[in-house]
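Numbered from 1 within each chain, the chains take letters A, B, ... in sequence-line order.
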Number of protein chains: 2
Amino acid sequence: MGDDGKIIDAEAVQAAKDGLPSEYSIVSLELFYKVFADTTRIKILFALKEVELCVYDICAALSLKQSTVSQQLRFLRQTGIVKSRQEGKNVYYSLDDDHITGVLLMGLEHINEKR
Amino acid sequence: MGDDGKIIDAEAVQAAKDGLPSEYSIVSLELFYKVFADTTRIKILFALKEVELCVYDICAALSLKQSTVSQQLRFLRQTGIVKSRQEGKNVYYSLDDDHITGVLLMGLEHINEKR
DNA sequence: TTTATATATCATCATATAATGATATGATGA
DNA sequence: TCATCATATCATTATATGATGATATATAAA
C-alpha cells in the first residue's frame, strides 16, 4: 500500500486521470456545494425561494440570531447566490441565480428516493 | 434587531415558513451536499465516474495517501454514494447511485456559467 | 507458516467554520 | 442633534472534519 508501488490497472488509472476536471474547477465545485452543506444556509435559501425577505424577517421566520443570519447572508452574497436591495433601514434579500432552486429541488428528490 | 421585535412583513414570513422542508429533510440535505463539498471526495467521484477502481489505483491516479482515500471511501460508502466489491486482495469501488454523475455535471455547468 | 500486499481503522493534530455577544455603521424620525 | 432601529462586522469559542502515521486485518503467495 506504500506510496510508490506499481499500479494494478494502468489503463483504468489513466482513464480516471483523464476524467478529472482542472484543479481550479475542483476547488470551484467544492465552494459551490459547500453553499448547500449547512442547515442554516439551506433554511435561508428555502425561505428566499418563496419570497424576498429582509434580514429581520429571515430571523423571525427561521428563529435565528441576527448575527448568524447576517454572517451567512454575507457568505451567500459573496458566492453570488443571493442579491440584496436596500430600502430605508431594511435590506431585502432574494435568490440571484435561477439554478439555486433547481439545485435545492434536486437534493430533495435525491433524499426522498434514498429512503 | 433584537430577538423579539415585531415582524416587518407577516405575510412574507409566513410564506417563508411554509416553504421550509421538515427538519429531518434539512439535515438530510446538509449531509447529501456535504458529500460533494470536499476536493478529495470530488476527485474520487470524478475518477469513479469513468471507471471502477481499487483503492490502490485511486491513490495512484489522484496522488493521495492510502489512509486518506480509505477514510473518504468509507464516508462515501456509508452515505450510499459508492459501492464496493472485493476481488482477492483488492476492493473495487464504483458509483452506487445514478444521480451522482448528474449532480457532478450540474455543478460543473454552474461554475462554468458563473465565470 | 512466514512474508508481502491491499485495505481498513485508529489516534492525533491542525485547520476550518458556525454560533454568539458585543460593537460599529448607517438610515430614519423625533 | 439625538435616539432608535436594522444591518454588518468583529473577536471569541466550540465544534467538526480532513490529513496523516501507525497499526490492525485479511488475502495470497512463497
Side-chain angles (χ1 to χ4, degrees), chain A residues 1-9 12-13 26-27 30-31 33-45 48 52-79 82-94, chain B residues 1-9 12-13 26-27 30-31 33-45 48 52-79 82-94:
Chain A
M1 65 100 239
D3 247 332
D4 41 43
K6 42 219 155 318
I7 284 162
I8 286 154
D9 184 341
V13 168
I26 290 172
V27 172
E30 176 184 51
L31 180 61
Y33 291 120
K34 214 166 258 186
V35 166
F36 306 94
D38 174 80
T39 56
T40 299
R41 288 192 290 271
I42 292 173
K43 288 175 189 171
I44 292 175
L45 292 175
L48 294 181
E52 184 190 56
L53 289 167
C54 68
V55 178
Y56 197 91
D57 285 352
I58 296 175
C59 298
L62 306 179
S63 302
L64 294 170
K65 308 263 180 180
Q66 182 266 327
S67 56
T68 298
V69 171
S70 272
Q71 293 250 59
Q72 298 301 348
L73 284 173
R74 174 170 53 172
F75 178 71
L76 294 171
R77 226 185 311 124
Q78 286 172 345
T79 47
V82 304
K83 63 186 175 210
S84 61
R85 163 180 83 77
Q86 181 146 11
E87 187 178 314
K89 283 184 287 189
N90 298 316
V91 177
Y92 286 88
Y93 282 86
S94 55
Chain B
M1 62 100 237
D3 248 331
D4 40 43
K6 43 218 154 316
I7 284 166
I8 288 153
D9 183 342
V13 167
I26 290 173
V27 172
E30 176 183 51
L31 180 61
Y33 291 120
K34 215 166 257 187
V35 166
F36 305 94
D38 173 78
T39 57
T40 299
R41 289 192 289 272
I42 291 173
K43 287 175 189 171
I44 292 175
L45 293 174
L48 295 180
E52 184 191 55
L53 289 166
C54 69
V55 179
Y56 198 91
D57 285 351
I58 296 176
C59 297
L62 307 178
S63 302
L64 294 170
K65 309 262 181 182
Q66 182 267 325
S67 56
T68 299
V69 170
S70 272
Q71 292 250 61
Q72 299 301 347
L73 284 173
R74 173 169 54 173
F75 178 70
L76 294 171
R77 225 185 311 124
Q78 287 173 343
T79 46
V82 304
K83 64 184 174 215
S84 61
R85 161 180 85 78
Q86 182 149 9
E87 187 178 317
K89 283 183 287 191
N90 298 313
V91 178
Y92 287 87
Y93 282 86
S94 55

Which atom pairs link the protein and nucleotides 25-27 of chain C when you take only N or O atoms and keep those under 3.5 Å?
none

Review point. To the nearest Å, how far apart are L53(B) CG and dA6(C) P?
Key: 15 Å
Check your understanding: Yes or no on side-chain contact (heavy atoms from CB on, under 4.5 Å) for L53(B) and Y92(B), after CA distance, side-chain angles and deciding distance?
Key -> CA-CA 5 Å; L53(B) 289 166; Y92(B) 287 87; 5.7 Å; no
Exercise for review: Look at the side-chain N and O atoms of Q71(B) and state whether any lies under 4.0 Å from the OP1 or OP2 oxygen of dT20(D).
Suggested key: no
**Study point:** Distance-only donor-acceptor check, side chains R77(B) and Y93(B), under 3.5 Å
**Key:** yes
Check your understanding: Tell me: CG of N90(B) to P of dT5(C), nearest whole Å?
Key -> 13 Å
**Study point:** Nucleotide dT17(C), atom P - distance to NZ of K34(B) in whole Å
**Key:** 11 Å
**Study point:** Protein-nucleotide distance (R41(B), atom CZ; dA16(D), atom C1'), rounded to Å
**Key:** 12 Å
**Study point:** Under the ring-ring contact (aromatic ring centres under 6.0 Å, His included) test, residues paired with Y33(A) that sit two or more places apart
**Key:** F36(B)
Check your understanding: Just checking F75(B): base, sugar-phosphate only, or nothing, at a heavy-atom cut-off of under 4.0 Å?
Key -> nothing
Practice item. Tell which nucleotide pairs with dT4(D), taking only Watson-Crick or G-U wobble pairs whose two distances are both under 3.5 angstrom. Key: dA27(C)
Point to revise | Any side-chain donor near an acceptor of the partner, Q71(A) and S67(A), under 3.5 Å | key: no
Review point. Under 4.0 Å: is that the gap between some side-chain N or O of T68(A) and OP1 or OP2 of dT20(C)?
Key: yes
Review point. Below 3.5 Å, does any donor atom in the side chain of Q66(A) face an acceptor in the base of dA8(D), or the other way round?
Key: yes
Practice item. Give Y93(B) one of three labels, base, sugar-phosphate or nothing, depending on what nucleic acid heavy atoms sit under 4.0 Å from its own. Key: sugar-phosphate
Review point. Looking at Q66(B), Q72(B), R74(B), which hits side-chain hydrogen bond (donor to acceptor under 3.5 Å, both in side chains) with S70(B)?
Key: Q66(B)
